[in-house]
Amino acid sequence: FYTALDRATADEAVRVIVVTGAGHTFCAGLDPQVLDDIRGGSAYTSNRRPQTYATTVPKMIIGAINGSCAGIGLVQALCFDYRFAATGAKFTTAFSHRGLPAEDASAWMLTRLVGPAHAMDLMVSGRVFLSDEAQRLGVVQRLCEPETVLAEAVDYARGIVASVSPVAMAMIKSQVWRDSEHIFFALGHFEPMLREVFSRTPFDPAVVTPAATANTAPSTSTPQGTAP
């Protein structure tokens, strides 16, 4: 995923990036095997860049959320600049159900989008909420039928390409994200918190309950560039 973002960033013909999921889900969460490996002492970030990497890409990134969007998948979607969602798509933070703190900058992102009270509800309860509620809260911006969500996101991207200077876009994106960086990048305490959770011996299974969604294996999110 990050390699594809790098290719799209370097390609001058790509002006806006659209990300969707492979199959019928966007990303249903972290691979349970990865979580088991972390409990066994493996480094959480040894094989990936920060989830917030998308916010540093100097091109607008649009999410076409075509299905279930949970846990780490929701974190990634929150780092996009604009989000379309399929009607009926399920969302959940899920972290509290696994005895984990809010991952990466998700607490900051959700609070910024929906306000502290709604953010607390979504993160502490770990409940499933549907795309219509996600739009009401501000988690996503547009609802579409499942079969048209990608096409509508691409159409929106083409409209941006036709009317916006790439230099202006890069500068505005930097302003939108970086103007809050004194708060945003102070959130590097997530990984120490995660290490603390897994350093407790033994790991307390009492705080771990079944995931809020049946799907837990992540699907591939594939960036798609649009050219003028």
Side-chain angles (χ1 to χ4, degrees), residues 17-30 32 51-52 54-55 60-157 176-177 180 183-184 187 190 207-222:
I17 300 167
V18 175
V19 180
T20 194
H24 298 293
T25 64
F26 179 75
C27 180
L30 185 68
Q51 293 293 112
T52 54
T55 68
M60 190 169 182
I61 300 179
I62 299 167
I65 301 170
N66 56 318
S68 297
C69 184
I72 198 170
L74 179 57
V75 175
Q76 188 61 81
L78 293 174
C79 292
F80 299 154
D81 303 303
Y82 200 80
R83 287 164 291 278
F84 288 70
T87 54
K90 295 180 179 180
F91 296 77
T92 178
T93 58
F95 309 122
S96 61
H97 286 197
R98 302 190 183 282
L100 301 174
E103 188 166 2
D104 288 325
S106 58
W108 183 87
M109 294 282 194
L110 274 175
T111 301
R112 188 173 185 240
L113 287 170
V114 307
H118 288 306
M120 282 292 292
D121 168 47
L122 297 178
M123 289 185 292
V124 172
S125 73
R127 65 181 178 84
V128 173
F129 57 104
L130 300 181
S131 54
D132 56 346
E133 182 180 3
Q135 185 189 38
R136 289 198 304 271
L137 292 173
V139 175
V140 302
Q141 285 65 56
R142 297 201 189 183
L143 294 183
C144 313
E145 293 303 314
E147 61 272 16
T148 66
V149 63
L150 178 58
E152 291 190 42
V154 170
D155 284 345
Y156 176 81
V176 167
W177 289 107
S180 298
I183 298 174
F184 183 46
L187 298 175
F190 163 72
V207 299
V208 181
T209 59
T213 63
N215 298 321
T216 53
S219 65
T220 303
S221 295
T222 306

For Ser125 and Asp121, work out which heavy atoms get closest and say how close. OG-O, 2.5 Å
Determine yes or no for a side-chain-to-main-chain donor-acceptor pair under 3.5 angstrom, with Ser131 supplying the side chain and Ala86 the backbone. yes
Looking only at heavy atoms, the pair that brings Phe129 and Ala134 closest together is CE1-CB, 3.8 Å
Closest heavy-atom pair, Val139 versus Leu74, reported as atoms and distance to 0.1 Å, is CG1-CD1, 4.4 Å
CG-CD distance between Leu130 and Gln135, expressed to the nearest 0.5 angstrom: 12.5 Å
For the pair Asn66 (side chain) and His24 (backbone), establish whether a donor and an acceptor sit closer than 3.5 Å, ignoring hydrogens and angles. no
Give, for atom OG1 of Thr20 and atom CD1 of Ile62, the distance between the pair rounded to the nearest 0.5 Å. 12.0 Å
Starting at CG of Asp132, measure out to CG of Leu143 and round the result to the nearest 0.5 Å. 7.0 Å
How many angstroms lie between CG in Leu150 and CD1 in Ile65, if you round to the nearest 0.5 Å? 12.5 Å
Main chain of Arg83, side chain of Gln141: is a donor-acceptor contact present, judged purely on distance under 3.5 Å? yes
Just by distance, do the side chain of Thr93 and the backbone of Leu122 share a donor-acceptor pair under 3.5 Å? yes
Give a yes or no answer on whether the side chain of Gln76 reaches the backbone of Gln51 with a donor-acceptor pair at less than 3.5 Å. yes
Determine whether a donor-acceptor pair (N or O, by modelled atom type, separation under 3.5 Å) exists between the side chain of Ser68 and the backbone of Ala28. no
For a side chain to side chain contact (heavy atoms under 4.5 Å, CB included) check, start with the C-alpha distance between Ile17 and Met60, then their side-chain angles and the critical distance, and finish with the verdict. CA-CA 6 Å; Ile17 300 167; Met60 190 169 182; over 6 Å; no
Within the distance-only criterion (no hydrogens, no angle test), does the side chain of Thr25 pair as donor or acceptor with the backbone N or O of Gly67 below 3.5 angstrom? no
Take Val19 and Phe26, measure what side chain to side chain contact (heavy atoms under 4.5 Å, CB included) needs, and give me the verdict at the end. CA-CA 9 Å; Val19 180; Phe26 179 75; 4.3 Å; yes
Just verifying a value: how many Å separate Met120 CE and Thr111 OG1, rounded to the nearest 0.5 Å? 9.0 Å
Minimal heavy-atom distance between Cys79 and Met109, with the atoms involved, is SG-CE, 3.5 Å
Which heavy atom of Ser106 sits nearest to which heavy atom of Val75, and what is that distance? CB-CG2, 3.7 Å
Pick one: which of Thr52, Thr55, Asp81 meets side-chain hydrogen bond (donor to acceptor under 3.5 Å, both in side chains) with Trp177? Asp81
For Glu133, all residues meeting side-chain hydrogen bond (donor to acceptor under 3.5 Å, both in side chains), sequence neighbours excluded: Arg127
Nearest heavy-atom neighbours spanning Cys144 and Val149: CB-CA, 3.7 Å
